[in-house]
**Q** 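If you scroll down you'll find the structure; I have some questions about it.
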Amino acid sequence: MTFENIILEKQDGVGVITLHRPKALNALCAALIDEMGIALDDLESDDAIGCILVTGSEKTFAAGADIKEMKDKTFQQAYGEDFITKGWERLSQTRKPVIAAVAGYALGGGCEIAMMCDFILAADTAKFGQPEITIGTIPGSGGTQRLTRFVGKSKAMELCLTGRMMDAEEAERAGLVARVVPAAELQEEAMKTARKIAGLSRPVVLMAKEAVNRAFETTLAEGVKFERRLFHATFALEDQKEGMAAFAEKRAPAWKNR
Ligand code: CAA
């Protein structure tokens with residue numbers, strides 16, 4: 001399968017999806033979202049892949065949904081086709097871990113895509129925002145919900161009501177971004193992090209992701225109970241036996257992914 005709007009590469013257990021529509025600042029047109037879905041299906045079903053990286057160019061992660069493509073849609077069309085849900089939520093449903101490596105603009109749908117990933121590594125050039133209000137609409141792929149969970153009501157409200165962008169340093173301080181690195185080191189640092197995750201026990205990585213995500217969907221008591229059950233479940237894995245034996249024997253573990 002050849003893609004026109006993304007580049008898909010596989011290296012050292014890591015699947016890299018690079019958003020690639022340079023002339024439109026990686027605006028997220030329907031074809032790009034479809035291609036990303038196909039790439040994610042491929043990476044999810046590939047046993048050699050243990051971690052996924054989503055990234056853009058040096059100038060832009062993604063400047064949002066494609067405004068030119070959507071500008072003439074009627075309400076009936078938008079509602080009828082459940083515009084923006086279809087395809088977009090595929091990323092948030094990915095079971096394998098997904099890292100967003102963001103340099104430059106992550107605006108509107110671009111910020112939403114980054115927030116659907118499990119965590120964001122940002123270059124010091126990154127700029128995040130939900131500027132939809134300035135073009136007469138509001139975020140349509142989770143921006144008002146996920147941004148608020150990341151940075152709290154006051155800052156999310158300010159960003160959504162004004163369309164102001166925040167730089168990488170502010171985004172890290174606010175909790176949107178896991179780490180900021182110099183732009184020149186972003187890709188290397190992101191690959192290093194992804195390789196580290198891909199080199200761990202696959203089932204245990206999936207359980208850790210599932211447990212953290214549960215924190216956003218349930219009460220503390222229920223979340224802790226869910227975590228405890230998964231923790232217990234790790235004891236049924238050969239990898240738990242191997243990991244703890246390796247620690248006791250002062251050697252590196254050899255994961256079997258079972
Ligand atoms: N959709 C379609 N095309 C876009 C685009 C978008 N979101 N963002 C940029 N482009 C295009 C521009 O139209 C331009 O194309 P032409 O050369 O054919 O004119 C090209 O990319 C380069 O853009 P600029 O000349 O504007 O570049 P700049 O460096 O001067 O500015 C920018 C960069 C500040 C990111 C500016 O492009 C911008 O404000 N983009 C729109 C950002 C935005 O409003 N995003 C939200 C979209 S709505 C949404 O995402 C809804 C949702 O919740 C899912």
Side-chain angles (χ1 to χ4, degrees), residues 3-7 17-37 40 54-94 98 100-117 120 122-151 153 155-171 176-177 183 186:
F3 297 111
E4 287 178 8
N5 303 285
I6 64 166
I7 299 165
I17 298 175
T18 304
L19 309 175
H20 187 62
R21 274 189 87 200
K23 287 189 184 143
L25 300 188
N26 295 339
L28 304 161
C29 60
L32 186 152
I33 295 296
D34 285 348
E35 289 180 6
M36 189 160 63
L40 287 169
V54 178
T55 192
S57 69
E58 269 176 37
K59 182 178 178 188
T60 316
F61 180 72
D66 191 317
I67 300 167
K68 293 167 190 168
E69 192 179 68
M70 74 178 142
K71 69 183 179 40
D72 295 323
K73 271 188 199 295
T74 62
F75 165 76
Q76 283 86 344
Q77 285 170 325
Y79 183 66
E81 68 194 48
D82 203 5
F83 176 54
I84 229 74
T85 303
K86 206 171 140 200
W88 284 66
E89 288 292 335
R90 173 67 188 82
L91 192 53
S92 62
Q93 289 154 4
T94 305
V98 189
V102 176
Y105 299 113
L107 302 177
C111 188
E112 291 170 313
I113 289 277
M115 290 190 291
M116 284 179 204
C117 297
I120 302 173
D124 50 12
T125 57
K127 284 186 168 40
F128 298 88
Q130 297 291 159
E132 289 88 345
I133 198 98
T134 65
I135 55 165
T137 188
I138 69 167
S141 204
T144 61
Q145 305 305 298
R146 290 195 177 93
L147 187 62
T148 308
R149 282 164 166 79
F150 277 111
V151 306
K153 177 183 169 184
K155 195 177 278 286
M157 195 65 97
E158 190 222 348
L159 291 169
C160 289
L161 290 182
T162 64
R164 175 175 81 79
M165 294 182 211
M166 64 177 164
D167 64 20
E169 196 192 313
E170 183 182 356
L176 177 63
V177 157
L186 178 68

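Note that ligands are numbered from 1 as they come in the structure, with each ligand's atoms numbered from 1 the same way. What you see is a predicted model; the values in this text were computed from it and never measured. Hydrogens, waters and symmetry mates play no part in the numbers below; they use all other heavy atoms, side chains included.
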**Q** With a sphere of 6.0 Å drawn around CD of Gln77, does it hold more than 12 non-hydrogen atoms of other residues, nucleotides or ligands?
**A** yes
**Q** Is it the case that over 12 heavy atoms from other parts of the model lie below 6.0 angstrom from the CD atom of Glu81?
**A** yes
**Q** Decide if atom CD of Glu4 counts as having more than 12 heavy atoms of other residues, nucleotides or ligands within a radius under 6.0 Å.
**A** no
**Q** Whether the side chain of Arg21 engages the backbone of Asn5 through a donor-acceptor N/O pair (distance < 3.5 Å, no angle test) should be reported.
**A** no
**Q** Count the heavy atoms belonging to other residues, nucleotides or ligands that lie under 6.0 Å from NZ of Lys155, then report whether that count exceeds 12.
**A** yes
**Q** Hey, could you give me the OG1/CD distance between Thr94 and Glu89, rounded to the nearest 0.5 Å?
**A** 10.5 Å
**Q** Pairwise, report which nitrogen or oxygen atoms of ligand 1 are under 3.5 angstrom from protein nitrogen or oxygen atoms, and how far apart they are.
**A**
{"unit_1": "ligand 1", "atom_1": "1 (N)", "unit_2": "Ala65", "atom_2": "O", "d": "3.4"}
{"unit_1": "ligand 1", "atom_1": "1 (N)", "unit_2": "Ile67", "atom_2": "N", "d": "2.9"}
{"unit_1": "ligand 1", "atom_1": "7 (N)", "unit_2": "Ala63", "atom_2": "O", "d": "3.0"}
{"unit_1": "ligand 1", "atom_1": "7 (N)", "unit_2": "Ala65", "atom_2": "O", "d": "2.9"}
{"unit_1": "ligand 1", "atom_1": "13 (O)", "unit_2": "Lys68", "atom_2": "NZ", "d": "2.8"}
{"unit_1": "ligand 1", "atom_1": "15 (O)", "unit_2": "Lys68", "atom_2": "NZ", "d": "3.3"}
{"unit_1": "ligand 1", "atom_1": "18 (O)", "unit_2": "Lys68", "atom_2": "NZ", "d": "3.4"}
{"unit_1": "ligand 1", "atom_1": "21 (O)", "unit_2": "Lys23", "atom_2": "O", "d": "3.4"}
{"unit_1": "ligand 1", "atom_1": "29 (O)", "unit_2": "Lys59", "atom_2": "NZ", "d": "3.0"}
{"unit_1": "ligand 1", "atom_1": "45 (N)", "unit_2": "Ala63", "atom_2": "O", "d": "3.0"}
{"unit_1": "ligand 1", "atom_1": "50 (O)", "unit_2": "Ala65", "atom_2": "N", "d": "2.9"}
{"unit_1": "ligand 1", "atom_1": "50 (O)", "unit_2": "Gly109", "atom_2": "N", "d": "2.8"}
{"unit_1": "ligand 1", "atom_1": "53 (O)", "unit_2": "Glu112", "atom_2": "OE1", "d": "2.7"}
{"unit_1": "ligand 1", "atom_1": "53 (O)", "unit_2": "Glu132", "atom_2": "OE2", "d": "2.7"}
{"unit_1": "ligand 1", "atom_1": "53 (O)", "unit_2": "Gly140", "atom_2": "N", "d": "2.8"}

